[in-house]
Asks: 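Submitted below is the structure of interest, expressed as C-alpha cells.
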Amino acid sequence: VQLQASGGGSVQAGDSLKLSCAASGGIFSTYAMGWFRQVPGKERELVAGINRFGGFKSYADSVSGRFTISRDNVKNTVSLQMNSLKSEDTAVYYCAAGTTYGSNTILKVDREYDYWGQGTLVTVSS
C-alpha cells in the first residue's frame, strides 16, 4: 500500500492543523493506522494509533486531549486533527499502516507497521 501524507505547515502556538494521509493500492480496512513524529536526534514516537475500523484509538500522553485521530474506510484516509499546538509538537509527522488480523488491535510500536508515508513537516512557533 502507498501512503501520501499532507497538511503540514508552519503555525503559531495555540493554532490548529489537520494532517491527512491517503492510502492506495491495498485494502485499507485490513490495516491498523498510526501517526508518528520524529525530531532530529530523537527516536520516532507514536503520536496516535487507530484500529482497523476506527472504534479504538490510542494517544501519546503528550498529545492526549489535543489531538484526534480518525479514519474513513470509504475514502481510504486517516487524519490527525491537532489543536492547541505547542512548540514541542514541531516534528516531521509520518502516517503508517500495519497489517493486523485483530479488528480491535492498535499497533503501538513502529516495527509493527509495514508501510510508511513520506512525512510532512509541522513547525510550531511560540
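Quick note: residue numbers are just sequence positions, from 1.
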Asks: With side chains defined as the heavy atoms from C-beta onward, is the minimum distance between Leu19 and Val122 less than 4.5 Å?
Replies: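 The answer is yes; the side chains approach within 4.5 Å.
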Asks: OG of Ser6 to OH of Tyr93: how many Å apart, nearest 0.5 Å?
Replies: 15.0 Å
Asks: Is Trp116 reachable from Leu107 through a run of I, L, V, M, F, W or Y residues, each pair having side-chain heavy atoms under 4.5 Å apart?
Replies: yes
Asks: Just to verify, what does Asp114 make a side chain to side chain contact (heavy atoms under 4.5 Å, CB included) with, not counting sequence neighbours?
Replies: Thr99
Asks: What distance separates Asp110 CG from Phe36 CZ, expressed to the nearest 0.5 Å?
Replies: 5.5 Å
Asks: Check the hydrophobic clustering (I, L, V, M, F, W, Y; side-chain heavy atoms under 4.5 Å; chains of links allowed) and say if Ile69 and Val92 are grouped together.
Replies: no
Asks: With Leu80, which of Ile50, Thr120, Val63, Val47 fulfils side chain to side chain contact (heavy atoms under 4.5 Å, CB included)?
Replies: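 Running side chain to side chain contact (heavy atoms under 4.5 Å, CB included) over Ile50, Thr120, Val63, Val47 with Leu80 returns exactly one hit, Val47.
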Asks: What's the separation between atom CE in Met82 and atom CZ in Arg66, rounded to the nearest 0.5 Å?
Replies: 9.5 Å
Asks: Minimum heavy-atom separation for Ala91 to Val39, with atom names?
Replies: CB-CG2, 3.8 Å
Asks: If you measure from CD1 on Ile27 to CZ on Arg52, what distance do you get to the nearest 0.5 Å?
Replies: 9.5 Å
Asks: Indicate, with yes or no, if Trp35 and Val11 share a hydrophobic cluster defined by side-chain heavy-atom contacts under 4.5 Å among Ile, Leu, Val, Met, Phe, Trp and Tyr.
Replies: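 Yes, Val11 and Trp35 fall within the same hydrophobic cluster.
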Asks: Of all the heavy-atom pairs spanning Phe28 and Ala23, show the shortest one and how long it is.
Replies: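 For Phe28 versus Ala23, the nearest heavy atoms are CD1-CB, 3.5 Å.
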Asks: Might you point out which heavy atoms bring Phe53 and Ser29 nearest each other, and give the distance in Å?
Replies: CE2-CB, 4.0 Å
Asks: Could you pull out the closest heavy-atom pair between Ser126 and Ala13, with the gap in Å?
Replies: CA-CB, 4.1 Å
Asks: Going hydrophobic residue to hydrophobic residue with side-chain gaps under 4.5 angstrom, can you get from Leu17 over to Val78?
Replies: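 Yes.
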Asks: Within this structure, what is the CG-CG distance for the pair Asp15 and Leu85, rounded to the nearest 0.5 Å?
Replies: 7.0 Å
Asks: Report yes if the side chains of Ser58 and Lys108 come closer than 4.5 Å at any heavy-atom pair, otherwise no.
Replies: yes
Asks: How close do Tyr59 and Thr68 get, heavy atom to heavy atom, and via which atoms?
Replies: OH-CA, 3.4 Å
Asks: Over all heavy atoms of both residues, which pair between Leu46 and Gly34 is shortest? Give the atoms and the distance, please.
Replies: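 Minimum heavy-atom separation between Leu46 and Gly34: CD1-CA, 4.4 Å.
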Asks: When you look at CG of Leu121, are more than 12 heavy atoms from neighbouring residues, nucleotides or ligands closer to it than 6.0 Å?
Replies: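 Correct, the count exceeds 12.
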Asks: Between CD of Glu43 and CD of Gln38, what distance do you get to the nearest 0.5 Å?
Replies: 8.5 Å
